[in-house]
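See below for the structure under consideration.
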Amino acid sequence: MIDDTSASLKVSVVVPAYNSGTHIERLVDSLVRQSMPPTQFEAIFVDDGSTDDTPARLDALAAAHPHFRVLHIDNSGWPSRPRNVGVAHARGEYVVFVDDDDWLGDEALDRMYGIGATHGADVVIGRMAGHGGRGVPRELFRKNRFDATVANAPLIDSLTCHKMFRRAFLDEHELRFPEQWPRRLEDHRMVVRAYLLSKRTCVLSDYTCYHHSRRDDGGNVTADQLDPGEYYAALREALDIVDAHVEPGPLRDRLYRRWLRHQMLDRLRGRRLLEAPQAWVGQVAAEVRDIIRERFGPGVAAGLPPMYRVLAHLAEQDRLADVRRLAEWEQALRAAALVERHALAGTTLTLTVAAWLESDGRPVAAGRTGDRDLLVLPVENVPAELRDVTEALVQGRVDVVARRQGTGDEVFLPVTSTVERVVGPDGTAHAVHRATVTVDYRTVNAGRTAGMWRLKARVTSLARTQDVRLPLLVRCATDGAPPRVVDETAFLTRLRQAVRRRVPAGLRALPALRGRRG
C-alpha cells in the first residue's frame, strides 16, 4: 500500500534512469532550481537495473534532497516499466515524465501546474526546445491553448510523454505505458489515448518548460536502430487506438496522416534512406506498403503535400527502385533565404526575408501543362494529379524564428507573409516567399529578452520545412532593454577590409586567409 498522506504535493516528477552517468546532472540541477518550493513537489528516480555508478549517485542525491526519492528495479530494458513504477509510487496531484538526459526550465513545474489547476486540465503540454539536433514540434507552440483537442490543434505533432498528466486521470483510465512486446512507440500509444480521453488539454507556449537533448555518445534509451517488424506492429496498435475513438472521416484521416508522414514516408526519403542498409530499407518499405494497402483509404494520402503524395504512391506500388531515385533527387534540395532589408528604430525591429526552394543553386521549378503546374521528377509513370503543384507552389510560407543562444528558447516573430509565382525564361515556374517582421523586441518571449538571439528563416515549400540561418544576431543586455542588431555579413565585410589594409598584398593570397564556406 502506497503512503498517500502527502496530499499537499502538487507534482511528482518521474524519471526513468539507466546508466545515466553525468548526463543526469543537468536534470538534477534544474530540479533543484525549480521556482516551485521543494515541499510542493517530489522527484522519483526509477533506476532500471543500472550497471554503472548510477544507483549510488541517485542514492546520494536522495540523501541530500528530501524531496528526491529513488526506486531500484531489475533491468527491464525499456523506459515503460520504470515510468509505470514511478506513477504507482507518485503522490502528487499531477505527474510529469522527464528523461534522465533532458532537463526542465526553472519555472516549468510552477507554470504548468498553474495552468493545469486553473483550467482543470487532464493534460498540460509545455513548450519544448531541442538541443544537439533533437527535433521538437513547433507549430503546436505558436500560441497558448487552454482547450486544445486533436480536432482544433496540432496535438498529434507531439506524441512523446514529456508532459504533465493529472494523476487521477491516469488512474481513472488505467493509462500506463505498454511493457509487453512491441515496446516501440510506447509514448505514442499512451499519449494518443490520453488526448482522446482528456476532458481538457492545455498548451503552454510562452515559456520553455522542457529541454530535449540528443546525447553525443548515442546513449539515449531508444537510440538503437529499430526493428521494422516490432516498430510497425506498434504503429498498427496506435492506429487501433485512433479507430476505437474516432469515426471514419476527415479527422481520422488527418490523424492517420501524422504516422504516414513521419513514421513511414520520412524513413524512405533523402539521406535517411540512402545511408541505411539496403536490406533494412527493404523491410521498412514492405511494412509501409502493407499498412497503406491495409489501413489507409484514399483520403489519407490525398491530404499530403505533393512530394509526399508521390512517395506514398511509389511505396504503395512497391516501386522501391523509384523510391531510391526520388530520395537521391530530393537529397539535393535545399531551402535558401536572404535578408532583403532590416532596420532598428528604438526597440522596434523591422526586416524582410525572401526564401525559396532550390537544387544545385537553381530554384525548384514546375512545368506548365495546360492550366496546371506539374512537378518535374526523376521517375516516370506518376499520375499528373499527384505531381500537380498549382496550389502548393504558392501555399508555402517563411517564418522568422528567434533562438536564444545557450538556452535554446525559440520564439516565432510575428510576420506578414506573401508569395510570388515567378515564371522563368523557359516557361517553368517557381515560388518566392517573403516574410516581413515588425516587432517591438521588448515583447518577444513574453519580455524575457536578455541574451543573444540568432534569427532563422523557417522555410516551408513543397512539403519541406527547413531552417536557414540568417546573418543577423539580436543582443539584449537585460530584459526589456533596447536591442542591438549585429549584421554578420557587414561585420565580416569590414573585417576583410581591415585585413586587406593591414596585411601585405603578397600574403593575402595564402589559403589560410581566404574565406571559407560554413
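Within the model, atoms CD of Gln263 and CG of Leu185 stand 6.0 Å from one another, a figure rounded to the nearest 0.5 Å. Distance check, rounded to the nearest 0.5 Å: SG of Cys202 to CG of Asp147 gives 7.5 Å. Distance check, rounded to the nearest 0.5 Å: CD1 of Ile156 to NE2 of His188 gives 8.5 Å. Annotation: the span from Phe296 atom CZ to Leu260 atom CG amounts to 5.0 Å, rounded to 0.5 Å. The CG atom of Leu197 sits 10.5 Å away from the CG atom of Leu170 when rounded to the nearest 0.5 Å. Note that the OG1 atom of Thr428 and the CG atom of Leu375 stand 11.5 Å from one another [nearest 0.5 Å].
Counting non-hydrogen atoms of other residues, nucleotides and ligands closer than 6.0 Å to CZ of Arg293 gives a total above 12. The neighbour count for Asn152 CG, taken as heavy atoms of other residues, nucleotides or ligands under 6.0 Å away, is above 12. Environment of CZ in Arg475: sparse, with no more than 12 heavy atoms of neighbouring residues, nucleotides or ligands closer than 6.0 Å. More than 12 heavy atoms of other residues, nucleotides or ligands sit less than 6.0 Å from atom CZ of Arg33.
Between Val339 and Pro471, the shortest heavy-atom contact is CG2-CD, 4.1 Å. Considering all non-hydrogen atoms of both residues, Arg397 and His433 come closest at N-ND1, 3.8 Å. When every heavy atom of Met164 is checked against every heavy atom of Val11, the shortest pair comes out as CE-CG2, 3.8 Å. The shortest heavy-atom contact between Pro306 and Ala392 is CG-CB, 3.6 Å. Shortest non-hydrogen contact noted between Val150 and Leu196 is CG2-CD2, 3.9 Å. Across every non-hydrogen atom of His313 and Asn381, the tightest pair is NE2-O, 4.2 Å.
We find that Glu380 and Arg319 are not joined by a salt bridge, their nearest charged nitrogen and carboxylate oxygen being 4.0 Å or further apart. For the pair Arg189 and Glu237, the salt-bridge criterion is met [side-chain N within less than 4.0 Å of a carboxylate O]. Salt-bridge annotation for Asp243 and Arg295: present, with a side-chain N of the basic residue lying under 4.0 Å from a carboxylate O of the acidic one. Here Arg166 pairs with Asp122 in a salt bridge; the nearest charged N to carboxylate O distance falls below 4.0 Å. Ion pairing between Asp29 and Arg26 fails under the 4.0 Å rule for side-chain N and carboxylate O. Between Glu358 and Arg362 there is no salt bridge, since no side-chain N of the basic residue sits under 4.0 Å from a carboxylate O of the acidic one.
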Q: Determine, stepwise, if the pair Glu287 / Arg267 fulfils salt bridge (charged side-chain N to carboxylate O under 4.0 Å, His left out).
A: CA-CA 11 Å; Glu287 293 284 353; Arg267 297 189 181 278; over 6 Å; no
Q.
Applying side chain to side chain contact (heavy atoms under 4.5 Å, CB included) to Asp99 and His162, what does each step give before you reach the verdict?
A. CA-CA 8 Å; Asp99 285 349; His162 309 107; 3.0 Å; yes
Q: Please report the C-alpha distance between Phe165 and Tyr94 in whole Å, then the side-chain angles of each, then the deciding distance to 0.1 Å, and finally whether the ring-ring contact (aromatic ring centres under 6.0 Å, His included) criterion is met.
A: CA-CA 5 Å; Phe165 300 87; Tyr94 282 87; 9.4 Å; no
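Checked against side-chain hydrogen bond (donor to acceptor under 3.5 Å, both in side chains), Thr369 has no partners two or more places apart in sequence or in another chain.
Residues Tyr210 and Phe97 place their aromatic rings such that the two centres sit no closer than 6.0 Å. With ring centers used as reference points, His131 lies under 6.0 Å from Trp103.
With Arg111 contributing its side chain and Gly105 its backbone, the two residues share no donor-acceptor pair below 3.5 Å. Of the possible polar contacts, one joining the Arg309 side chain to the Asp388 backbone as a donor-acceptor pair under 3.5 Å is found. For the pair Arg257 (side chain) and Val300 (backbone), a donor-acceptor distance under 3.5 Å is present. A distance-only check finds no donor-acceptor pair linking the side chain of Asp101 to the backbone of His23 [under 3.5 Å]. The backbone N or O of Thr449 sits less than 3.5 Å from a side-chain atom of Trp453, completing a donor-acceptor pair. With hydrogens and angles disregarded, no donor-acceptor distance shorter than 3.5 Å links the side chain of Asp106 to the backbone of Gln34. Between the side chain of Tyr207 and the backbone N or O of Glu107 there is at least one donor-acceptor pair closer than 3.5 Å.
Sorted by first and then second residue, the ring pair (Phe, Tyr, Trp, His ring centres under 6.0 Å) pairs involving residues 322-375 (not counting sequence neighbours) form an empty list. Identified under the salt bridge (charged side-chain N to carboxylate O under 4.0 Å, His left out) test for residues 407-435, with sequence neighbours left out: Arg138-Glu410, Glu340-Arg434, Asp373-Arg421, Arg403-Glu410, Arg404-Asp409, Glu410-Lys456, Glu410-Arg458, Glu420-Arg434.
By the 6.0 Å and 45° rule, Arg142 stacks over the aromatic ring of Phe412. In this structure, Arg184 is not positioned above the aromatic face of Tyr231 in the sense of NZ or CZ being under 6.0 Å from the six-membered ring centre and within 45° of the axis.
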